[in-house]
2 protein chains.
Amino acid sequence: MPTASADPRPERLRVAGLRVTAPRLAVLDVLDGSPEHPTSEQIATAVRARIGSVSTQAVYGVLDAFAAAGLVRRIEPAGSPARYESRVGDNHHHIVCRTCGATADVACVVGAAPCLDPSDAAGFAIDQAEITFWGLCPTCRGRTTAAPSGQGDAPWPIGDR
Amino acid sequence: MPTASADPRPERLRVAGLRVTAPRLAVLDVLDGSPEHPTSEQIATAVRARIGSVSTQAVYGVLDAFAAAGLVRRIEPAGSPARYESRVGDNHHHIVCRTCGATADVACVVGAAPCLDPSDAAGFAIDQAEITFWGLCPTCRGRTTAAPSGQGDAPWPIGDR
DNA sequence: ACGCTTTCTTGACAGGGTCAAGAGAAGTCG
DNA sequence: CGACTTCTCTTGACCCTGTCAAGAAAGCGT
């Protein structure tokens, strides 16, 4: 038995009550090494590059199992397919590029977030708040020299408050 | 509605640079009278109840045109089809029921939102912040007496910070 | 009323994801 | 170590939401 520090991934799976299989280890590996919040298809591609061939269905199954076990977090920006990240358990948000859909992490810079504790919840039992920032990624900023135009469906531009 | 000057909807359309048609008036009417954030299909059904028959495509077209003109706002909660609301121009957020997808408005109770001005934006040009609360609506609260269980993909439960 | 333009209808199509059944591994126990 | 049980993966069909395109129909300015 190799030392525990060699590869903690199998143990992570077992602790989560999941069986250790090649697809699962590969998905975990891909997500651990991707700050990019890949889509399921990107994950499938990366996984196949590591262990040969895996069905798309398996990837969906693995991701769902991981999400249910709390190993990964699924984010679904409007107009974009679901994306995944293995960074869980901390308070961070996401910023999504309007043009290309690229997604990055944004640290929650404040200790308290008054806006996230609404007084009027319409009778709902709130258990979670989710913040998504929208804008242009560095690449698309340079590319889109013309007017941003598509201001149409903006909930409320920053600065309007 | 035979009332003379009572209906401001045609004018709202003209001001937005849109032609006045029955489907558009009906969609506007439906949204004005729905605090429920209906989906496009629900809107189509309600519209047909008023003016007979309208193609699904027309509804999509109308909603897109309205969104582009700023007459309505489109929200796309994860795992739910797009929803629309005619309440625009103010700063409010949404709370979505995890079980049934019901959506309600949540007032932004604070004047300033520190969390919405991230210091580290990863080079993105942020133009908008979007907040979605997740929880259980009053109806589903009563129905789901058992354990909430599905805590898996929770970004960060309120109170954990 | 006329003609130009926008909008609606119809129908095909696509992306993303789910569902279901059976084959194949992982873990367990004797 | 080997059989057994259970969980996973593969395969293939299918669904939902939404988009694209072409032509018919209606709105609006003159």
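Since this is a predicted model, take the numbers as computed values, not measurements. So you know, we letter chains A, B, ... as the sequences are listed, proteins then strands, and number each from 1.
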Kindly give the atom pairs (protein nitrogen or oxygen, nucleotide nitrogen or oxygen) under 3.5 Å for nucleotides 2-4 of chain D.
none

Close N or O pairs between protein and nucleotides 19-21 of chain C (under 3.5 Å):
| residue | atom | partner | partner atom | Å |
| --- | --- | --- | --- | --- |
| C:dC19 | N4 | A:Gln57 | OE1 | 3.1 |

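For A:Ala58, the listed nucleotide lying nearest its side chain is D:dT10; candidates were C:dG17, D:dG18, D:dT10.
Among the atoms of the strands shown, none is found under 4.0 Å from any heavy atom of B:Thr39.
Taking every heavy atom of residues 10-23 of chain A and every atom of DNA chain C, pairs under 4.0 Å involve A:Arg19, A:Val20, by number.
Projected onto DNA chain D by closest heavy-atom contact, B:Arg83 and A:Val54 fall at different nucleotides, the more 5' of which corresponds to A:Val54.
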Would you mind writing out the side-chain donor-acceptor pairs for residues 52-69 of chain B within the sub-3.5 Å range, not counting sequence neighbours?
| residue | atom | partner | partner atom | Å |
| --- | --- | --- | --- | --- |
| B:Ser55 | OG | B:Ala58 | N | 3.0 |
| B:Thr56 | OG1 | B:Arg48 | NH2 | 3.3 |

Counting only pairs under 3.5 Å, give me each side-chain donor-acceptor contact of residues 29-41 of chain A, with atom names and distances, residues two or more places apart or in other chains.
| residue | atom | partner | partner atom | Å |
| --- | --- | --- | --- | --- |
| A:Asp29 | OD1 | A:Arg9 | NH1 | 3.2 |
| A:Asp29 | OD1 | A:Arg9 | NH2 | 3.4 |
| A:Asp29 | OD2 | A:Arg50 | NH1 | 2.3 |
| A:Asp32 | OD1 | A:Arg12 | NH2 | 3.3 |
| A:Asp32 | OD1 | A:Ser86 | OG | 3.0 |
| A:Asp32 | OD2 | A:Arg12 | NH2 | 2.3 |
| A:Ser34 | OG | A:Val30 | O | 2.8 |
| A:His37 | ND1 | A:Pro35 | O | 3.1 |
| A:His37 | ND1 | A:Thr103 | O | 3.1 |
| A:His37 | NE2 | A:Glu85 | OE1 | 2.9 |
| A:His37 | NE2 | A:His94 | NE2 | 3.4 |
| A:His37 | NE2 | A:Asp105 | OD1 | 2.6 |
| A:Thr39 | OG1 | A:Gln42 | N | 3.2 |
| A:Thr39 | OG1 | A:Gln42 | OE1 | 3.4 |

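The backbone N or O of B:Gly101 sits less than 3.5 Å from a side-chain atom of B:Arg83, completing a donor-acceptor pair.
Five base pairs at each end of the helix from C:dA1-D:dT30 to C:dG30-D:dC1 define two local axes, and these are offset by 30° (rounded to 10°).
For the side-chain contact (heavy atoms from CB on, under 4.5 Å) criterion with A:Leu71, the lone passing option out of A:Val15, A:Val88, A:Leu13, A:Val27 is A:Leu13.
A:Glu76 places its CD atom 14 Å from the C1' atom of D:dC16, with the value rounded to the nearest Å.
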